[in-house]
A.B. asks: 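Before I ask anything, here is the structure I am working with.
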Amino acid sequence: MVDQLIRATAADGGIRVVGVITTKLTEVARQRHNLSYVATAALGRTLSAGLLLASSMKQPQGRVNIRVRGDGPLGGILVDAGMDGTARGYVDNPAVELPPNAQGKLDVGGAVGRQGYVYVVRDMGYGFPYSSTVELVSGEIGDDLTHYLVNSEQTPSALVLGVFVGANGVEAAGGLLLQILPRAAEDTEMVELIESRLAGLTGFTPLLRANKTLPQIFADLVGDLGLEILPETQMVQFACPCSFDRMLRALKMLGEDELQDMIEKDDGAEAICHFCNEVYHTNSDQLAQLIEDLREERQEARR
């Protein structure tokens, strides 16, 4: 199945459901950052979560940043995802590997750590970004971001995330976000029904590996509650806006002395984008041109 995001409602708009498939997206991240099995699972879950959280934003340029910082060996995770379906991210220590946990699964919680925080920034595309910080619950990402939604946005929510990594790479990845909006939250019987169905899920990737589509997954959960799947299917992808020109602008900010030092000592410069691991090289002539540009700008400012 292609990477995609689908939205739906149920219970006359009282329930919001969003599902995303990020198999190729997560595989691209794995390859770009040379991630271990457990690092792939941790970053892949967070990339899916970023797209799910961004899916409710109103402006096309809206974006969500998720930073996870635990006391485990993985260090930090940083993901940037947008309403436009693009996502990028990285982990501090991509080579970390751990034995499977007690359930025989990748030990994401052990890699991330149980002590730490989740920091979420919502940039709506206008005004000031909204930010919130909550403590880690388990380090498994899904539990931690569900805790964020319930405590910071006061919305009863369930976030189910998964990444299955085989010998040849990512075989399935994605997630599901279900939220009970205020108009339905007072219906205790319905809430209990949904909670019982969510509790019966063994995970998200087993559903994808069983060739379940997102609409089928939605139907299994809330198909008898007036499910309405919205017509738009949004494609999602790993994408980073970094470029050679952006790299040059960043180097220019270092100033003449630093640029001259790079010319004399290294005969150029190398820059690596943390988000996508793209490597950019610049030679002495290009650095000299940046110095010339700075001098011309300074002269222009004096006039």
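Numbers for residues simply follow the sequence, beginning at 1.
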A.B. asks: Ignoring hydrogens and angles, tell me if any N or O in the side chain of Q234 forms a donor-acceptor pair with the backbone of M83 under 3.5 Å.
C.D. replies: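 Yes.
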A.B. asks: Cation-pi between R32 and F238: NZ/CZ under 6.0 Å from ring centre and within 45° of the ring axis?
C.D. replies: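 No - R32 does not lie over the ring of F238 by the 6.0 Å and 45° rule.
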A.B. asks: What I'd like to find out is whether the side chain of I194 reaches to under 4.5 Å of the side chain of L225, using heavy atoms alone.
C.D. replies: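 Side chain of I194 against side chain of L225, heavy atoms only: contact under 4.5 Å found.
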A.B. asks: Will you find, in the side chains of S132 and R122, an N or O donor that is under 3.5 Å from an N or O acceptor?
C.D. replies: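 The answer is no; no qualifying pair exists.
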A.B. asks: Quick one: does any side-chain atom of Q286 pair with a main-chain N or O of N283 as donor and acceptor, under 3.5 Å?
C.D. replies: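 Side chain of Q286 to backbone of N283: a pair is present.
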A.B. asks: If you compare all heavy atoms of M57 against all heavy atoms of G62, which two are closest, and at what distance to 0.1 Å?
C.D. replies: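 M57 and G62 have their closest heavy atoms at SD-C, 3.6 Å.
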A.B. asks: Does E228 CD have over 12 foreign heavy atoms under 6.0 Å away?
C.D. replies: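 No, the 6.0 Å shell around CD holds no more than 12 heavy atoms from other groups.
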A.B. asks: Per the side chain to side chain contact (heavy atoms under 4.5 Å, CB included) rule, which among V108, T23, T26 passes with V163?
C.D. replies: T26
A.B. asks: I'd like to know whether CD of E135 has more than 12 heavy-atom contacts from other residues, nucleotides or ligands below 6.0 angstrom.
C.D. replies: no
A.B. asks: Should we count CG of D257 as having more than 12 external heavy atoms under 6.0 Å?
C.D. replies: no
A.B. asks: Less than 4.0 Å between a side-chain N and a carboxylate O, is that true for D80 and R88?
C.D. replies: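 Salt bridge flag = yes for D80 with R88.
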A.B. asks: Run the side chain to side chain contact (heavy atoms under 4.5 Å, CB included) check on D123 and N65 step by step: do they pass?
C.D. replies: CA-CA 8 Å; D123 186 346; N65 285 174; over 6 Å; no
A.B. asks: Using the rule that Ile, Leu, Val, Met, Phe, Trp and Tyr join whenever any side-chain heavy atoms are under 4.5 Å apart, tell me whether F218 and L198 fall into a single cluster.
C.D. replies: yes
A.B. asks: Let me check something: do L178 and L227 share a hydrophobic cluster, defined by ILVMFWY side-chain heavy atoms less than 4.5 Å apart, either directly or through other members?
C.D. replies: yes
A.B. asks: Can T86 and D84 be counted as having a side-chain donor-acceptor contact under 3.5 angstrom?
C.D. replies: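 There is such a pair between these side chains.
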A.B. asks: So, H33 side chain and G89 main chain: donor-acceptor pair closer than 3.5 Å or not?
C.D. replies: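 At least one qualifying donor-acceptor pair exists.
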A.B. asks: Any chance NE2 of H274 has more than 12 other-residue heavy atoms, nucleotides or ligands included, within less than 6.0 Å?
C.D. replies: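 For H274, atom NE2 is not crowded (no more than 12 foreign heavy atoms under 6.0 Å).
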A.B. asks: Verify whether one side chain among E264 and Q260 offers a donor that lies under 3.5 Å from an acceptor in the other.
C.D. replies: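 Result is yes, a qualifying pair exists.
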A.B. asks: For residues L214 and T233, determine if any side-chain heavy atom of one lies less than 4.5 Å from a side-chain heavy atom of the other.
C.D. replies: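 A side-chain contact is absent here, since even the closest heavy-atom pair is not under 4.5 Å.
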A.B. asks: So, does E27 use its side chain to make a donor-acceptor pair with the main chain of V170 at under 3.5 Å?
C.D. replies: yes
A.B. asks: V279 versus E270: any side-chain heavy-atom pair under 4.5 Å?
C.D. replies: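 Yes; the side chains approach each other to less than 4.5 Å.
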A.B. asks: Answer yes or no: is there a donor N or O on one side and an acceptor on the other, between the side chain of D144 and the main chain of E140, under 3.5 Å?
C.D. replies: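 Flag set: sc D144 to bb E140 pair under 3.5 Å.
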A.B. asks: Between I21 and V236, what is the shortest heavy-atom contact and its length?
C.D. replies: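 I21 and V236 have their closest heavy atoms at O-CG2, 3.6 Å.
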A.B. asks: Answer yes if the side chains of D3 and T22 hold a donor-acceptor pair under 3.5 Å, and no otherwise.
C.D. replies: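 Result is no, nothing qualifies.
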A.B. asks: Counting distance only, does the side-chain N/O of R30 pair as donor-acceptor with the main-chain N or O of G169 below 3.5 Å?
C.D. replies: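 It does not hold such a pair.
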A.B. asks: Is there a side-chain contact between I66 and Y148 (heavy atoms, below 4.5 Å)?
C.D. replies: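 Side chain of I66 against side chain of Y148, heavy atoms only: no contact under 4.5 Å found.
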A.B. asks: Decide whether F164 and L176 are clustered together by the hydrophobic rule: side chain heavy atoms of Ile, Leu, Val, Met, Phe, Trp, Tyr closer than 4.5 Å, transitively.
C.D. replies: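 Hydrophobic grouping puts F164 apart from L176.
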A.B. asks: What about V121 and I77, same hydrophobic cluster or not, with Ile/Leu/Val/Met/Phe/Trp/Tyr joined at side-chain heavy-atom distances under 4.5 Å?
C.D. replies: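 No: no chain of side-chain contacts under 4.5 Å links V121 to I77.
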A.B. asks: Is it the case that the side chains of D293 and Q289 hold a donor-acceptor pair, with the cut-off being a distance below 3.5 Å and no angle test?
C.D. replies: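 Result is yes, a qualifying pair exists.
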A.B. asks: Working note: L47 + L43, criterion side chain to side chain contact (heavy atoms under 4.5 Å, CB included); need CA distance, chi angles, decisive distance, verdict.
C.D. replies: CA-CA 6 Å; L47 286 165; L43 181 57; 3.9 Å; yes
A.B. asks: What closest approach, in Å, do M1 and T213 show between heavy atoms, and which atom pair accounts for it?
C.D. replies: SD-CA, 4.0 Å
A.B. asks: Using side chain to side chain contact (heavy atoms under 4.5 Å, CB included), reason through L259 and L251 one step at a time and then give a plain yes or no.
C.D. replies: CA-CA 8 Å; L259 292 171; L251 287 175; 4.2 Å; yes
A.B. asks: Which heavy-atom pair separates G175 from L161 by the least distance, and what is that distance?
C.D. replies: CA-CD2, 4.0 Å
A.B. asks: Please determine whether salt bridge (Lys or Arg N to Asp or Glu O under 4.0 Å) holds for the pair D92 and R69, giving the CA-CA distance in whole Å, both sets of side-chain angles, and the decisive distance to 0.1 Å.
C.D. replies: CA-CA 10 Å; D92 286 345; R69 172 65 66 176; 3.0 Å; yes
A.B. asks: Is the shortest side-chain heavy-atom distance between L25 and L51 below 4.5 Å?
C.D. replies: yes
A.B. asks: For residues I217 and V17, determine if any side-chain heavy atom of one lies less than 4.5 Å from a side-chain heavy atom of the other.
C.D. replies: no
A.B. asks: Under 3.5 Å, is there a donor on one side chain and an acceptor on the other for S55 and R16?
C.D. replies: yes
A.B. asks: If you look at every heavy atom in S56 and L53, which pair is closest and at what distance?
C.D. replies: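 Taking S56 first and L53 second, the nearest heavy atoms are OG-O, 3.4 Å.
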A.B. asks: Can you see which heavy atom on S131 is nearest to which on Y119, and at what distance?
C.D. replies: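 S131 and Y119 have their closest heavy atoms at CB-OH, 3.7 Å.
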A.B. asks: Counting only N and O atoms by type, is there a donor-acceptor contact under 3.5 Å from the side chain of D261 to the main-chain atoms of E258?
C.D. replies: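 Side chain of D261 to backbone of E258: no pair is present.
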